[in-house]
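Throughout, protein chains are lettered first and strands after them, A, B, ... in sequence-line order, and every chain is numbered starting at 1. Predicted model only: the values in this text are computed from it and were never measured.
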Amino acid sequence: MNEKAKIRLIIEVKKSLKEIMDDFSDVPEEMGYFYERFRAFFEETPNNGKKVIATMCIHVPVELIYAVGAIPLRVCSGARSMAEIGEEFFPAKACPLIKSTFGALYLNIFPMAAAPAMIINPTTCDHKKKIGEMAEDIDSCFYTLELPPTKETEEARFYWHMVVKKLAKELERVTGQRLTRKKLKAAIGIVSLAQAQLRRLYNIRKGNPVIWGNNAILVANAYFFDDIANWTDRLSRLNDELEDRARRNQYVVGQEAPRILLAGSPSIFPNMTLPVMIEQMGGIVVAEEFCSSSRSLYDMVAVDEWSLYDMIPAIADRYLKPGICPCFTPNIDRKRRLLNIAGDFCIDGVIYNSFAGCQLYQMESRHVEKILEQNGIPMLYLETDYTSDNTGQLTTRLQAFMELLQDQKS
Amino acid sequence: MKKIRAFINNSNISKFRFYFQIAAFVLFVYGGYFYVTISEKLPTFACPFNKGSGGTCYLMPLQHQLHMTWSRFIGPGGIHLLKGFLVFACFGLVFSKAWCGYLCPLGTIQDWITKLRKVLHIRFSKYGETTFKGLKKIKYILLFLLIIIPLGVSNSLLWLPKFSHDIFPPFCKICPGRIVLPLFTGDTSQIYIDFSTKTAMTMTALGMIVTGIFFTGSFFKKRFFCLFCPMSALLYIFSKVAILRLNKNVAKCTRCGNCYRVCDVGIKEIADDVINKNIVKDDCMLCLKCVEACPEEGCLEVSFFNIPVFMSTETGFFKRYCLRNEIK
Amino acid sequence: MKNMKYFAGIDIGSLFSKVVIIDEKGNIKAYSVLQSGAVYKGAAETAMNNTLAKAELSMGDISYIISTGYGRARVPFADSQVTEISCHGRGANFVFPEVRTIIDIGGQDSKVIEVNKEGRAVKFAMNDKCAAGTGRFLEVMAVSLEVDLSEMSTLAEKSRTDVEISSMCTVFAESEVISLFAQGTEKADIALGVYRSIARRVTGLFGQVGKKERVAMTGGVAKSKGMVEALGKSIKTTLMVPEEPQIMGALGAALIAREKAQA
């Protein structure tokens with residue numbers, strides 16, 4: 001089963017990458033590195049004897065992982081073939097992302113052929129809460145990170161501080177390395193450099209489009225598994241090239257293309273259907289608001305006193321306070337953030353994607369739509385999963401939405 | 001102009017504040033030796049018990065001016081009080097609570113104590129939100145007493161007997177400034193307990209205790225004394241209408257809480273309030289660390305006469321918080 | 001006559017192909033409705049030629065052709081494609097300028113479209129990937145009642161008692177209808193029940209959009225009077241139905257073709 005599934009996965013990866021590479025022309029040269037990264041998705045990479053710590057969500061403080069000399073690897077999967085493997089463990093209407101991730105864990109198929117020493121699973125949605133229990137069957141070193149259901153109260157904050165401290169202890173145990181002030185400070189440093197480059201990419205995308213949205217999503221996706229220093233360096237080069245393109249007015253699409261904000265459930269390679277379809281139909285995704293892209297790296301750590309005593313809570317705060325995952329309640333911040341993005345990126349329309357089975361996103365969609373409508377921003381709600389059986393309908397909806405936006409623009 | 005603005009926005013205000021505080025400290029503690037007397041109605045602890053003081057803390061004249069019989073209020077005494085308050089109000093209206101963050105010698109001493117603690121690698125202490133909220137109220141009680149006691153010394157309040165004159169001036173008696181600041185000019189004469197009467201003994205002993213609390217408290221907790229400072233409460237009256245303001249562009253706030261994290265006086269609203277534009281709270285001392293720690297472009301902004309003078313920027317944030325560490 | 005320009009809209013639905021040819025002034029020159037076969041390409045060509053013949057025109061006289069509908073990508077002679085959502089909105093708004101919401105129940109899907117006064121879509125909702133609440137559902141039910149669609153409409157008018165078809169799913173609803181039939185429930189009552197079932201479903205969609213008055217209904221299903229009445233009752237308004245509801249998509253496409261050619 002393992003080999004067969006792996007072959008199907010490789011085909012899926014190749015197909016998805018090929019579609020992006022073939023259908024979109026005038027791509028920055030520096031994208032070549034990232035394409036190559038995805039082409040070599042399963043090839044083993046040397047990690048200098050460092051332990052790999054898998055994470056299943058953006059609410060895992062990766063700074064701590066770097067500080068104990070390990071490498072974080074985000075294992076959230078976008079592969080349909082893996083979702084089919086996971087199918088037999090879950091109810092039919094469960095979220096495809098969870099099915100797929102579980103399928104990959106079950107078969108021990110990880111990007112870069114990494115074998116994680118620990119899998120950190122934050123308790124965000126109901127699916128994630130239960131996956132930890134089910135993982136007992138698959139002989140994996142699961143660690144449940146207890147994310148509080150709310151982020152507003154001081155009680156939740158202190159609870160989370162304790163949870164993160166406990167995680168730090170566990171990481172020390174698993175890696176056998178001590179967490180020191182210097183190492184943690186350096187870790188915050190490396191991550192913030194990556195964050196600086198990602199924020200730079202966003203600022204570039206606020207202007208006329210010099211990069212396809214699907215390309216930008218790929219770049220953010222590569223952060224899941226790429227070496228962080230390499231990734232930062234390559235992104236900085238890509239940013240240089242994009243800034244140069246902007247100066248020369250070399251845009252990937254004309255002004256008439258509707259500027260789209262893609263929000264909701266994350267597009268994770270190889271499930272790139274939605275951004276690719278939007279851009280094939282003449283739209284341009286200029287901003288994303290989901291956890292495989294903007295949300296993962298946007299918010300910054302600010303430390304007041306550079307001691308472990310203050311640094312750990314500072315890191316913990318960064319992974320709780322600005323969180324806008326719909327698993328939090330109340331979550332008015334997400335709507336505020338969407339409006340803010342819509343303004344900053346001159347958004348013409350929002351496409352809100354929810355995975356079939358993700359009730360949190362589904363339930364939040366109505367409220368989001370209402371607020372966007374009050375602010376004169378049209379929104380299209382879509383429900384997708386990793387299969388392609390509703391492409392026809394999806395095409396009609398997306399195209400009609402593009403027509404509507406183009407009409408409003410002209 | 002654009003360059004100057006970028007330079008300011010990306011600068012390290014905390015460093016600037018550190019040197020500015022030293023200059024202000026010298027002015028207020030040693031200025032008197034150079035015949036500097038800035039004003040007698042200063043909204044900051046320029047303590048006249050210190051011979052070198054370059055001005056006078058308003059709380060002292062305020063207590064003296066309140067120390068009069070009711071009848072004098074409608075007359076020269078009242079006019080005097082009003083005039084004094086107007087001068088004080090002008091100071092407050094212009095610089096608002098920046099007096100606390102940038103000019104107050106007692107505040108500066110507390111910041112130095114914190115620096116010392118950091119050098120010694122000793123942890124700060126934490127307390128819960130409810131304790132914090134309770135402690136904050138003390139300053140209003142002190143302000144109330146500061147006003148009511150001088151009145152009670154000269155008048156009979158609620159048909160009670162007048163207070164003993166030994167209690168006067170009540171706040172100065174317990175203010176750590178009276179004891180600490182003269183030390184900087186080598187004057188240890190304020191360290192005493194007056195055993196002459198019961199009241200005098202209680203008040204001077206309280207002064208010594210509060211000074212002890214001042215040192216230990218501010219060692220473990222940043223700006224500990226400021227939580228109880230009645231001057232802070234008095235200055236807060238003007239912060240809503242002052243010329244110098246701290247504004248929040250609420251739409252841009254991601255509520256990441258960075259500003260709250262770095263806040264020396266633990267103002268939670270700075271991070272959580274997404275409704276009010278004017279974000280100066282009663283404990284705020286306008287140190288502007290929050291503006292430094294905000295990574296959102298233009299989310300927090302300091303304005304003077306409605307002209308923005310310093311605002312949060314992404315570049316500034318990275319310069320101050322991240323890239324600097326990497327280079328080291 | 002020679003200088004007159006003509007524009008065509010061609011709507012390839014899942015069940016029928018519709019073609020409308022209009023002139024510069026927007027007058028309908030000719031239209032036709034033909035059953036779509038499995039091969040869209042052939043269906044498009046047959047329908048087009050048929051309409052051209054009716055209008056006594058040739059392909060060369062048509063300045064601009066827009067295809068729409070489910071099979072819009074498979075019309076090789078079309079100048080461009082527009083979705084049926086934009087087209088139905090435009091078409092119905094052209095016929096009834098006061099209309100702001102259009103309910104289109106087609107063979108394979110149903111949609112509710114809100115339009116502005118120029119007939120441009122501003123918001124829409126579409127049923128999920130399921131036949132519930134579509135023409136297909138109606139067809140299946142007609143077959144199990146052993147009547148044809150037009151008969152079903154007249155039948156429903158005779159209904160006296162309420163019968164509820166609770167299943168949304170076509171397959172389950174079908175067995176429900178059959179069992180009702182077997183229990184001896186009147187055909188007329190069942191027919192009305194079927195209409196009500198679709199109306200419920202569409203009302204849900206209607207709720208997602210603005211609910212702006214006035215409301216028109218287009219698409220082949222609008223030809224059943226029973227359906228129109230049931231839906232009107234369900235959304236509490238009188239529905240406006242064009243004379244030929246099925247061609248509204250094609251008419252909208254032709255109108256957009258005229259606009260594009262003149263731009």
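- With a 4.5 Å cut-off on non-hydrogen atoms, A:Arg318 does not touch chain B at all.
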Q. A:Lys321 and B:Asp272: side chain to side chain contact (heavy atoms under 4.5 Å, CB included), yes or no, with the steps?
A. CA-CA 10 Å; A:Lys321 297 283 284 178; B:Asp272 284 359; 3.7 Å; yes
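- Side-chain atoms of B:Phe317 and A:Met300, non-hydrogen and from C-beta on, do get closer than 4.5 Å to each other.
- Crowding of B:Ile275 atom CD1: a count of heavy atoms from other residues, nucleotides or ligands under 6.0 Å not exceeding 12.
- For the residue pair B:Glu314 / A:Asn203, a side-chain donor-acceptor distance below 3.5 Å is found, with atom types taken as modelled.
- A salt bridge does not link B:Lys118 with A:Asp310: none of the charged nitrogens is closer than 4.0 Å to a carboxylate oxygen.
- Residue A:Lys370 qualifies as open at atom NZ: its count of foreign heavy atoms under 6.0 Å is 12 or below.
- In B:Lys3, the NZ atom is not crowded: 12 or fewer heavy atoms of neighbouring residues, nucleotides or ligands sit closer than 6.0 Å.
- Within the 3.5 Å criterion, the main-chain N or O of A:Asp333 finds no donor-acceptor partner in the side chain of B:Arg255.
- At a threshold of 4.5 Å between non-hydrogen side-chain atoms, the residues B:His121 and A:Glu305 do not count as touching.
- To the nearest 0.5 Å, atoms OG (A:Ser192) and CZ (B:Phe318) are separated by 6.5 Å.
- With a threshold of 4.5 angstrom between heavy atoms, A:Val301 approaches chain B through N, CA, C or O but not through any side-chain atom.
- In this structure, the side chain of A:Arg199 engages the main chain of B:Pro295 through a donor-acceptor pair within 3.5 Å.
- Interatomic distance, A:Tyr309 OH to B:Ser125 OG, rounded to the nearest 0.5 Å: 7.0 Å.
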(Q) Applying side chain to side chain contact (heavy atoms under 4.5 Å, CB included) to B:Arg261 and A:Asp304, what does each step give before you reach the verdict? (A) CA-CA 7 Å; B:Arg261 272 212 69 72; A:Asp304 193 33; 5.9 Å; no
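- Of the listed residues B:Val250, B:Val274, B:Asp264, the one with more heavy-atom pairs under 4.5 angstrom with chain A than any other is B:Val274.
- Under a cutoff of 6.0 Å and an axis angle of 45°, B:Lys126 and A:Phe158 do not form a cation-pi pair.
- Using a 4.5 Å cut-off between heavy atoms, A:Glu152 touches chain B through backbone and side chain atoms alike.
- In this structure, no portion of A:Leu339 lies under 4.5 Å from any heavy atom of chain B.
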